[in-house]
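Only one structure is covered here, and it is reproduced in the block below.
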Amino acid sequence: MNAQTDIEMLESHEPVQDAIREPVRSRPAVRAAHGWRRLALSAVAIYTTAVLVLGIYWSVQPTRFDVRAAAAQRAGGESAVVPGATLVSTIKRVSETLLEKPGGYLQNDATLPGIYLDNMPSWEYGALKEVRDAVRSLRNDFSRSQTQSVENANLRKADAFLNYDVDSWILPTSESEYREGIRALGRYFDDLASGNDRSARFYARADNLAAYLAVVEKRLGSYAQRLSASVGDSELTAALVPVISATGPQEPTPEVRLQTPRLQVDNVFYEARGYAWALLHTMKALAIEFEPVLQNKNAQVSMLQVIRDLQEATRRMWSPVVLNGTGFGLVSNHSLILASYLSRANAAVLDLRILLQQG
């Protein structure tokens, strides 16, 4: 009787023992689940850190380059550099920088980290504006002796390709079209150096340079006004960016009372920086190409003033963010600082253009 009772008691306790053993059996599975969870979190952390670091690295402004050395390298020696080669080489090099800098061309990126970046795409757009202006002037002014001259086919193609949509990422991409434009510029450079194509010419005349400077003057004035409007102070904006014409300062228009939206301040800042960076190299190349003209017009000082102001406008920025303080407050205003340099450059461009036309 006792033996049977003991057996029944043991049988009755088996489920309890199984219940005790069950957690012990499941511990390896729980450990495995925790291990996979930690691995997934580590992978996400590493990926996020890599994306942030790449985003910071890709947002650094490209360094400047020596326009004279770049032209000599492409021509095969300084003695082989013909008139116009320095300017064409410079425009080509600036265009290539947009595609070959760290991260490549980011304006049309649809993946991380490019998709969340906005400062460098704005910089690219500003530089691309200057490239387009320079190529258009090459096509319509610098490469033509008179209004009835036939335009160069390669410059026509370069102008068309480089004016393609800035954010096309598929069939065809912006990069592929811009590369075609760069190749067309390369062919024009080669024809210019060889002299075989009679339509590939470069005319360093005062009226050609003045026509290009008229476009630059409008660009710089627009950027300076948009930058100075970051504080929404109409009197300050009017003081920094007076409306200037060939006859002297004019009354400010209602446009100076517009305020740049707060979320667009950094985009305007970087776009203006990109334009100033590209324009700096173009002006250095023009100073070389038009050196006899500038000497004849006593305009070398004005050209040097433009270059100095653009150099200051494109100095390395150490602040990780674009500050938007006002007046003499505790926080500086990067937009106003850049606007002051571009306004000075704009005034020097105006003086230079007047000297070319009347000097």
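Sequence positions, counted from 1, serve as the residue numbers for this chain. Values below: all heavy atoms of this structure, side chains included; hydrogens, waters and symmetry mates excluded.
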Polar side chain donor-acceptor pair, [X] to [Y], under 3.5 angstrom:
{"X": "Ser302", "Y": "Asp351", "value": "no"}
{"X": "Trp123", "Y": "Gln61", "value": "yes"}
{"X": "Asp309", "Y": "Gln305", "value": "yes"}
{"X": "Arg273", "Y": "Thr314", "value": "no"}
{"X": "Gln357", "Y": "Asp207", "value": "no"}
{"X": "Gln311", "Y": "Arg308", "value": "no"}
{"X": "Ser340", "Y": "Ser343", "value": "no"}
{"X": "Glu151", "Y": "Ser143", "value": "no"}

Minimal non-hydrogen separation, [X] against [Y], with atom names:
{"X": "Leu356", "Y": "Ala206", "value": "O-CB, 3.8 Å"}
{"X": "Ser122", "Y": "Gln107", "value": "N-OE1, 4.4 Å"}
{"X": "Leu342", "Y": "Ala272", "value": "CD1-CB, 4.1 Å"}

Heavy atoms of other groups near [X] [atom1], more than 12 under 6.0 Å:
{"X": "Trp169", "atom1": "CH2", "result": "no"}
{"X": "Leu39", "atom1": "CG", "result": "yes"}
{"X": "Tyr57", "atom1": "OH", "result": "no"}
{"X": "Tyr125", "atom1": "OH", "result": "no"}
{"X": "Lys157", "atom1": "NZ", "result": "no"}

Regarding [X] and [Y], does a basic nitrogen lie under 4.0 Å from an acidic carboxylate oxygen?
{"X": "Arg219", "Y": "Glu130", "result": "no"}
{"X": "Lys218", "Y": "Asp133", "result": "no"}
{"X": "Arg344", "Y": "Glu312", "result": "no"}
{"X": "Glu96", "Y": "Lys92", "result": "yes"}

Contact between [X] and [Y] at the side-chain level, heavy atoms closer than 4.5 Å - yes or no?
{"X": "Leu87", "Y": "Phe202", "result": "yes"}
{"X": "Tyr270", "Y": "Met317", "result": "yes"}
{"X": "Leu185", "Y": "Asn154", "result": "no"}
{"X": "Leu310", "Y": "Tyr341", "result": "no"}
{"X": "Asn119", "Y": "Phe269", "result": "no"}
{"X": "Pro102", "Y": "Val60", "result": "no"}
{"X": "Asn196", "Y": "Asp191", "result": "no"}
{"X": "Val135", "Y": "Val131", "result": "yes"}

inquiry  = Working to the nearest 0.5 angstrom, can you tell me the gap between Glu291 CD and Leu294 CG?
reply    =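 The CD atom of Glu291 sits 8.0 Å away from the CG atom of Leu294.
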
query = Under the ring-ring contact (aromatic ring centres under 6.0 Å, His included) criterion, do Tyr178 and Tyr164 qualify, and how do the steps go?
reply = CA-CA 7 Å; Tyr178 296 158; Tyr164 188 68; 7.1 Å; no

query = Can the ring centres of Tyr275 and Tyr223 be said to be less than 6.0 Å apart?
reply =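 Centroid distance Tyr275-Tyr223: below 6.0 Å, so yes.
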
